[in-house]
Amino acid sequence: MNKLVLSLFLCMSTAMSAQIFTSVSLRKIAGETASDTRIAGISPAGDYVLTTTLGNKGLKKLDMSTGREEVLTTAAGAGVGAVVSDDGSEVVFREVHFTTDEHVRMTALKSVKVDSKAVSEVMSPSRQLKAYGFSGNTAFTMDENDDIMTQKGVSRSLIDKTAPSVFLEDLQLMLNKDGETVLLSPNGTEETYIWPSISPDKKHILYYVGGEGAYVCDMEGKNVKFIAHDCRAPQWYDNNTIIGMDDKDDGERLLTSCIMAYTLDGKSQRLTDPVSLTMYPYCSKTKGVVACSTGYGEIYLINLTK
């Protein structure tokens, strides 16, 4: 059996007969995209996606209905961990540079208005970036003392200090809750963690352990549940459903990749064909839409109905 056939078999074998979605349809977004383009985010309403390069340089807004692209920033590192505000009007992104004297990696946190393209600074360049995002429509981050930081002129009182958030520090899973940061790392500190997120109802944490797969635990880091090995770049679709990618390569090039759905009670469903090379899913909060990109830089929407 050659590698391509084997990869197809492995991807197909992960899908159980149980159905999660009753309707699945795939649509390519109109417009031109470069071959080094991938998805970096999606608006809560599902009306636009954020795209970046494979090297995570810059962010573009791609309108889902027209295919029109607009540059939001050309900052290095902006494609990693970009977050969209609840109303879709603003995006928080990272800007990375290295000092000329010691070649130390520094990361600033900035926000950009989607319509005006106006950029403001949330956090000046630092060696350490902790929890950040939006509280409603107000961008914020935590400094090294777990104090709230916002854009200049924006009141800190707008931030819900009790809302939990997760982030990575030295590839360990950290939880910030009630203004205090604690080490979580539910599978042990000898593991490496990536892609953490909190469920919409704030009851579970989703994360990926390097070399093992996707897991879910409760907000105390207990009741750890294995989801799947082939569930990379996992995202919450709703409180019980997780969307991820099952990609296979030969060490040099991508052979197959498909988008998968999993539930907390053990069901799974393949949403795209492995030969489509669809990767990096992002779920809208309100629309029942998943955006993904292909190895060729194409952008697709998956419309789902339960």
Check for a donor-acceptor pair, side chain of [X] on one end and backbone N or O of [Y] on the other, with a separation under 3.5 Å.
X      : Y      : answer
Tyr208 : His229 : yes
Tyr132 : Arg94  : no
Ser257 : Pro274 : no
Lys117 : Val114 : yes
Thr294 : Thr278 : no
Asp201 : Asn239 : no
Lys110 : Val119 : no
Arg27  : Asn303 : no
Gln269 : Ile20  : yes
Gln172 : Glu191 : yes

Once you round to the nearest 0.5 Å, how far does [atom1] of [X] lie from [atom2] of [Y]?
X      : Y      : atom1 : atom2 : answer
Ile243 : Cys283 : CD1   : SG    : 5.0 Å
Tyr300 : Leu26  : OH    : CG    : 6.5 Å
Tyr237 : Ile242 : OH    : CD1   : 14.0 Å
Cys217 : Leu184 : SG    : CG    : 5.5 Å
Ile42  : Leu62  : CD1   : CG    : 10.5 Å
Lys61  : Thr51  : NZ    : OG1   : 12.0 Å

Do [X] and [Y] have a side chain donor and acceptor closer than 3.5 Å?
X      : Y      : answer
Lys60  : Thr37  : no
Asp273 : Ser276 : no
Ser120 : Ser111 : yes

Residue pair [X] / [Y], side-chain heavy-atom distance below 4.5 Å:
X      : Y      : value
Met245 : Pro281 : yes
Ile198 : Pro164 : yes
Lys130 : Met174 : no
Val290 : Tyr282 : no
Asn223 : Val216 : no
Asn56  : Arg38  : yes

Same cluster for [X] and [Y] if Ile/Leu/Val/Met/Phe/Trp/Tyr side chains link at under 4.5 Å?
X      : Y      : value
Val84  : Val92  : no
Val182 : Val166 : yes
Leu59  : Leu109 : no
Leu50  : Leu301 : no
Leu175 : Leu168 : yes

Evaluate the side chain to side chain contact (heavy atoms under 4.5 Å, CB included) criterion for residues Phe167 and Leu129: first the C-alpha distance (whole Å), next the side-chain angles of each, then the deciding distance (0.1 Å), finally the verdict. CA-CA 9 Å; Phe167 65 100; Leu129 182 62; over 6 Å; no

Which atom names give the shortest non-hydrogen contact between [X] and [Y], and what distance separates them?
X      : Y      : result
Ser89  : Ser85  : N-OG, 3.2 Å
Ile29  : Gly67  : CG2-CA, 4.0 Å
Lys248 : Leu254 : O-CD1, 3.5 Å
Val91  : Ala82  : CG1-CB, 4.2 Å
Tyr280 : Ala233 : CD2-CB, 4.0 Å
Pro186 : Leu173 : CD-CD2, 3.7 Å

Does this structure show an ion pair linking Glu90 with Lys113, if we count only N-O contacts that are shorter than 4.0 Å?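 Salt bridge present between Glu90 and Lys113.
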
With a 4.0 Å cut-off, would you call Asp246 and Arg270 a salt bridge?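 No, no charged N to carboxylate O under 4.0 Å.
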
Can you classify the ring geometry of His204 versus Trp236 as parallel (below 30°), tilted (30 to 60°) or perpendicular (above 60°)?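 Taking Trp236 first and then His204, their aromatic rings sit tilted (interplane angle of 30° to 60°).
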
Assess whether atom [atom1] of [X] is packed by more than 12 heavy atoms of other residues, nucleotides or ligands within 6.0 Å.
X      : atom1 : result
Glu190 : CD    : yes
Lys203 : NZ    : no
Glu220 : CD    : no

side-chain contact (heavy atoms from CB on, under 4.5 Å) with Asp170: which residues, sequence neighbours excluded?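 With neighbours one apart ignored, the set is empty.
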
Once side chain to side chain donor-acceptor pair (under 3.5 Å) is applied, do any residues pair with Tyr207, and if so which ones, sequence neighbours excluded?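 Only Asn187 meet the side chain to side chain donor-acceptor pair (under 3.5 Å) criterion with Tyr207.
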
Is there a side chain to side chain contact (heavy atoms under 4.5 Å, CB included) between Phe93 and Thr73 once you walk through the steps? CA-CA 9 Å; Phe93 64 92; Thr73 178; 3.7 Å; yes

